[in-house]
Amino acid sequence: MTTFQKKSLPQILSSDQPIPEGSLAYIEQRAINEFYNVVLSRYRFAKENHNLTKAELARRINKGQDQVSRWLSSPSNWTIGTVARLLVGINNEEAQLSYDSFIGRTATNFRAEDSFYSENVPDLTDYRQVNTTHMNMATFEATQ
Amino acid sequence: MSIRSAIKRHLRAQRLFVFNPELASDRCERLFIYDKEINDLLEGQWESGPSARRIGWLIADIESFVRGHEVVISLVPYQADAALFGRLSRATERIWDFRSRHPSPGIRIFGCWAEVDTFVGLGWYPRSLPWNGREPLGGRDSHSWEVAKLECKTKWDQLFPQFEKIGGEDIHDYISEKVTAANSL
């Protein structure tokens, strides 16, 4: 029996071989999910703090409420235009792009299994409270 | 013994596995734990071949949940529509599906909530088309759904005979933050 050792994404990308289709699909969906996360966090913020309704958003961007519901439920079938339309409709905003290499990022000091295996690492709930210096885009957005 | 201790025991015995993001720089804010059947799907040689792209998308969707991204869930059976998690019919059974819908065939991972922010996946199924050697679940009245739910329930009872699944009628009973109910969008 052959033992298969899965390579990490940075290992795959560090090779000069063509990037495997599975990895490319992961990277595509990761990007879509990042956009979705930002848009939904902006929508939830506007809903909770400025009483934005789905009906009002739909009216602002000239779409039906059913269409807006589908967009907000999932990023399936989103285009870059969908992102632009939703963000401007929610709070007159646009996405600002930045970029960063997948390779060479600093590892977080917390992996999922740590919450089960390490006696010294706080569990998931505590971790959220102590690790406030490492803010990704999503958490940054949520605090705005 | 807590359910966390029971999970730890199953992780050590490799009856259960815990999902980590592809990049070590991504932090985990929620836990997605799964059985060997799902592990075989996720950890297989999926970088190439016809299943590769679908599994790449599935991994990205699970990762989005684990990284603490915004999530839409549905407490109302048959009305999950595009939500990432949906509670399945007969809510008292406390069985959910994780829904990676795009592209076709959608993949459903059946499972239960062990704690807030901790989902335990106990079986996977293609939603609408045969895929990767498996028949699809089919329409919502299909017998396959009942079989899949029963398999999920049986696995839970074998792994956690002393522990009840998490239940409740508030979305925050399942996910602590950055969560929206599908019917309140």
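Throughout, protein chains are lettered first and strands after them, A, B, ... in sequence-line order, and every chain is numbered starting at 1.
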Does B:H69 form a side chain to side chain contact (heavy atoms under 4.5 Å, CB included) with A:Y36? I'd like the steps, not just the answer.
CA-CA 9 Å; B:H69 284 182; A:Y36 176 72; over 6 Å; no

Residues, nucleotides or ligands: over 12 heavy atoms within 6.0 Å of B:H143 NE2:
no

Would you mind checking which part of A:F102 comes under 4.5 Å of any heavy atom in chain B, side chain (CB onward), backbone (N, CA, C, O), both or neither?
both

Is it the side chain or the backbone of B:P103 that comes within 4.5 Å of chain A heavy atoms, both, or neither?
neither

With rounding to the nearest 0.5 Å, note down the distance linking CD in A:E21 to OG in B:S51.
13.0 Å

Note, B:L23 side chain near A:P10 side chain (heavy atom, < 4.5 Å):
yes

Closest contact, heavy atoms only, A:R30 versus B:D26:
NH1-OD2, 2.8 Å

For B:K165, does the NZ atom sit with more than 12 other heavy atoms under 6.0 Å from it, leaving out its own atoms?
yes

Which atoms of B:S184 approach chain A - backbone, side chain, both or neither, heavy atom under 4.5 Å:
both

Assigning hydrophobic clusters by single linkage (Ile, Leu, Val, Met, Phe, Trp, Tyr; side-chain heavy-atom cutoff under 4.5 Å), is A:W71 placed with A:L52?
yes

Side-chain heavy atoms under 4.5 angstrom apart, residues restricted to Ile, Leu, Val, Met, Phe, Trp, Tyr: same cluster for B:W145 and B:F98?
no

Show the numbers, then the answer: is there a side chain to side chain contact (heavy atoms under 4.5 Å, CB included) between B:R53 and A:Q29?
CA-CA 10 Å; B:R53 289 185 63 76; A:Q29 188 65 23; over 6 Å; no

Closest heavy-atom pair and its distance - A:K47, B:L185:
CE-C, 4.4 Å

Starting from B:I3, can I reach B:L122 by hopping between I/L/V/M/F/W/Y residues whose side chains sit under 4.5 Å apart?
yes

Start with the C-alpha distance between A:E34 and B:R67, add both sets of side-chain angles, then the distance that settles salt bridge (Lys or Arg N to Asp or Glu O under 4.0 Å), and finish with yes or no.
CA-CA 10 Å; A:E34 292 280 355; B:R67 292 173 64 198; 2.9 Å; yes

Measure the spacing between CG of A:N33 and CD1 of B:I62 and express it to the nearest 0.5 Å.
11.5 Å

Nearest 0.5 Å, what's the CZ-OG distance between B:R101 and A:S74?
5.5 Å

Euclidean distance, B:I59 CD1 relative to A:S23 OG, rounded to 0.5 Å
8.5 Å

Portion of B:F32 that has a non-hydrogen atom of chain A nearer than 4.5 angstrom
neither

Can you list everything that forms a ring pair (Phe, Tyr, Trp, His ring centres under 6.0 Å) with B:W57? Sequence neighbours excluded, please.
none

Do B:E70 and A:Y43 pair up side chain to side chain, a donor and an acceptor below 3.5 Å, judged on atom types alone?
no

B:I55, B:F19: one ILVMFWY side-chain cluster at the under-4.5 Å cut-off?
yes

For residues B:A82 and A:R70, report the shortest heavy-atom separation together with the two atoms involved.
CB-O, 4.5 Å

Heavy-atom neighbours of A:Q11 CD exceed 12 at 6.0 Å:
yes

Do B:V66 and B:W96 sit in the same hydrophobic cluster, where Ile, Leu, Val, Met, Phe, Trp and Tyr count as joined when their side-chain heavy atoms come under 4.5 Å apart?
yes

